[in-house]
Amino acid sequence: MNYLAQAFAWIADPAHQGGPGGIWARLGEHLLYTLIATTAAAAIAIPLGYWIGHTGRGRGLIVGATGVARALPTLGVLTLIALLAGVGVGAPLAALAVLALPSILAGAYAGLDAIPASTIDAARALGMSEWQVLTRVEIPLGLPQLIGGLRSATLQVVATATLVAYVGGGGLGRYLFLGLKTQDYPQMLAASLLAVGLAITGEVCFGVLSWLIGRRRPLALSNE
């Protein structure tokens, strides 16, 4: 039996599915890490990106900073924050949020930046306040780019969250590091398959969300 078949057999084994160290518990931890890190990054990046896109202030600085942040090595950031903050779940969550922030910030900023100036001028000519221009014109028109940024950030966090186990956390990475330590390669491959499956599921969910927004957006704008 090859490693791939052994990995699927490992996943299907009921002994590996229940309990605090089982597949479902590890999947739940992995999803929780992803949700916390992405939400924390979004809480910072979306308002900042909208402010930059609407006012045009700090555009060059942010574009350069997001480019640099995207080039940071994931394991290096995780190790550095773990050394500064101590081993535990908090440090890897902070590292994952740092890694997710550039994609969301770029999506929020680019969505507003791509709107033609004539559209904004027309909204102002109709008597809209700056807040109405932002909330009724810029945010709806820039929503697809924001969803794209959230999509990239979430998939990156799902893939990277396996490293949380490297500094003492849980998630699917536990199987990877345990399998590496005991040379249990089917277990390692099973963890990789589960992480890939989770990423594909997230990709499908964001694809459906983008499609729904694409269908509703023209109708919403026509009602303005």
Side-chain angles (χ1 to χ4, degrees), residues 3-45 69-104 149-209:
Y3 283 146
L4 187 60
Q6 292 180 43
F8 280 115
W10 191 93
I11 294 173
D13 188 345
H16 297 147
Q17 296 180 6
I23 291 174
W24 292 113
R26 296 301 183 202
L27 274 173
E29 291 173 344
H30 207 93
L31 284 171
L32 183 62
Y33 296 154
T34 301
L35 180 64
I36 293 174
T38 307
T39 301
I44 298 171
R70 283 177 167 174
L72 292 174
T74 303
L75 188 57
V77 173
L78 184 61
T79 303
L80 177 62
I81 296 180
L83 289 174
L84 295 175
V87 175
V89 177
L93 287 180
L96 292 175
V98 169
L99 293 170
L101 202 146
S103 297
I104 302 174
L150 287 169
R151 185 181 193 165
S152 298
T154 302
L155 295 181
Q156 184 179 10
V157 171
V158 166
T160 312
T162 54
L163 295 177
V164 173
Y166 175 69
V167 290
L172 296 173
R174 277 294 186 91
Y175 297 137
L176 281 172
F177 288 100
L178 180 60
L180 181 63
K181 185 177 180 180
T182 60
Q183 296 186 336
D184 186 349
Y185 300 119
Q187 181 178 181
M188 293 179 65
L189 184 55
S192 300
L193 291 172
L194 290 170
V196 169
L198 202 58
I200 292 174
T201 302
E203 177 72 12
V204 170
C205 290
F206 272 105
V208 171
L209 180 61

* Of all the heavy-atom pairs spanning Ala42 and Leu150, show the shortest one and how long it is. => CB-CD2, 4.3 Å

* Structure fact -> Looking only at heavy atoms, the pair that brings Ala159 and Thr162 closest together is O-OG1, 3.1 Å

* **Sub-4.5 Å side-chain heavy-atom contact between Leu4 and Leu193** => yes

* To do: Please report the shortest heavy-atom distance between Ala25 and Pro20, naming the atom on each side.
  => CB-O, 3.4 Å

* Enumerate the residue pairs fulfilling side-chain hydrogen bond (donor to acceptor under 3.5 Å, both in side chains) with a member in residues 188-207, sequence neighbours excluded, ordered by first and then second residue. => Arg151-Glu203

* Asked: Looking only at heavy atoms, what is the nearest atom pair of Ala41 and Ala100, with distance?
  -> CB-CB, 3.8 Å

* Asked: Given the rule in the side-chain contact (heavy atoms from CB on, under 4.5 Å) test, do Leu99 and Val157 qualify, once you have shown the distances and angles that lead to the verdict?
  -> CA-CA 8 Å; Leu99 293 170; Val157 171; 5.8 Å; no

* To do: Hey, could you give me each pair passing side-chain hydrogen bond (donor to acceptor under 3.5 Å, both in side chains) that has a residue in residues 173-185? Not counting sequence neighbours.
  => Asp184-Gln187

* To do: Check whether any side-chain heavy atom of Val164 sits under 4.5 Å from a side-chain heavy atom of Leu96, and report yes or no.
  => yes

* To do: Hey, could you give me each pair passing ring-ring contact (aromatic ring centres under 6.0 Å, His included) that has a residue in residues 24-44? Not counting sequence neighbours.
  => none

* To do: Find out whether Ile36 and Leu32 are in side-chain contact, i.e. whether some heavy atom of one side chain is under 4.5 Å from a heavy atom of the other.
  => yes

* Asked: How long is the span from the CD1 atom in Ile23 to the NE2 atom in His16, to the nearest 0.5 Å?
  -> 7.5 Å

* Asked: Should Leu194 and Leu198 be marked as a side-chain contact (heavy atoms from CB on, under 4.5 Å) after you check the CA-CA gap, both sets of side-chain angles, and the distance that decides it?
  -> CA-CA 6 Å; Leu194 290 170; Leu198 202 58; over 6 Å; no

* To do: Please confirm whether the backbone N or O of Ile11 pairs with a side-chain atom of Gln17, one donor and one acceptor, at under 3.5 Å?
  => yes

* **Atom of Ile104, atom of Ala153 and distance for their closest heavy-atom approach** => CG1-CB, 3.6 Å

* Asked: Is Phe8 atom CZ crowded by more than 12 heavy atoms from other residues, nucleotides or ligands, each under 6.0 Å away?
  -> no

